[in-house]
Amino acid sequence: MFEIYVTDREGIEHQLNIGEGQKLMDVIRDAGLPVDATCGGEGTCATCHVHIDPDWYPKLPEISDSELNFIEAAMTFEPDCSRLSCQIIFNQQLNGLKLQIADDE
Ligand code: FES
């Protein structure tokens, strides 16, 4: 097992266990943290929007055109750190990843 660090909307950091091949969204939601994920991880609702720590953002797989289209429409979109957490599959190079759940829209 590996770990990610998720800061909620109240500013509280949570250390979550995660395994290779898991979607970040599933782990965050299953921990009871507030990502609605209304499309179930299809990448079409943007309710799993997170802001990735700037030190970690360049280490993520490149964002797809489809993900970019949906996330750009979010009110709290930040070009240097926004991602859909359902579109990021964990691998061990991401052990210790830090992110923040984006504000509700
Ligand atoms: S769960 Fe809908 S875009 Fe990620």
Side-chain angles (χ1 to χ4, degrees):
M1 270 295 182
F2 302 98
E3 281 134 26
I4 59 172
Y5 296 88
V6 179
T7 301
D8 65 23
R9 295 190 181 108
E10 279 72 50
I12 299 167
E13 186 175 78
H14 305 260
Q15 179 180 330
L16 305 183
N17 292 327
I18 189 167
E20 188 97 24
Q22 285 190 282
K23 286 183 179 180
L24 296 188
M25 178 277 283
D26 288 331
V27 171
I28 296 167
R29 184 192 56 191
D30 291 351
L33 295 173
V35 288
D36 289 340
T38 53
C39 76
E42 297 297 317
T44 57
C45 70
T47 61
C48 67
H49 180 193
V50 295
H51 291 153
I52 305 291
D53 181 280
D55 290 341
W56 282 96
Y57 189 81
K59 300 174 184 168
L60 296 180
E62 199 168 330
I63 193 166
S64 70
D65 289 344
S66 169
E67 181 181 349
L68 190 58
N69 282 342
F70 279 103
I71 209 165
E72 274 181 336
M75 300 235 324
T76 54
F77 172 70
E78 297 282 346
D80 296 332
C81 66
S82 281
R83 292 297 300 260
L84 298 179
S85 58
C86 70
Q87 299 301 299
I88 302 170
I89 310 293
F90 183 83
N91 65 63
Q92 59 185 302
Q93 279 75 41
L94 299 178
N95 189 30
L97 174 71
K98 293 186 176 196
L99 61 89
Q100 183 157 16
I101 299 173
D103 281 341
D104 223 349
E105 305 193 10

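Side-chain atoms are counted along with the backbone in the values below, which use heavy atoms only and exclude waters and symmetry mates. Indexing begins at 1, ligand by ligand and atom by atom, following the structure's order.
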Please output the side-chain donor-acceptor pairs of residues 84-95 that fall under 3.5 Å, not counting sequence neighbours, one pair per line with the distance.
| from | atom 1 | to | atom 2 | distance (Å) |
| --- | --- | --- | --- | --- |
| S85 | OG | C48 | O | 2.8 |
| N91 | OD1 | Q93 | N | 2.9 |
| N95 | OD1 | E3 | N | 2.8 |

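- Contact record, I18 with I4: CG2-CG2, 3.9 Å, taken as the closest heavy-atom pair.
- Considering every non-hydrogen atom in both A37 and M25, the closest pair reads CB-SD, 3.6 Å.
- For ligand 1, the protein residues within 4.0 angstrom (heavy atoms only) are A37, C39, G41, G43, T44, C45, A46, C48, L84, C86.
- Of the possible polar contacts, none joining the T76 side chain to the A102 backbone as a donor-acceptor pair under 3.5 Å is found.
- No option in D55, L24, L16 other than L24 meets the side-chain contact (heavy atoms from CB on, under 4.5 Å) test with L97.
- Contact record, Y5 with G96: CD1-O, 3.6 Å, taken as the closest heavy-atom pair.
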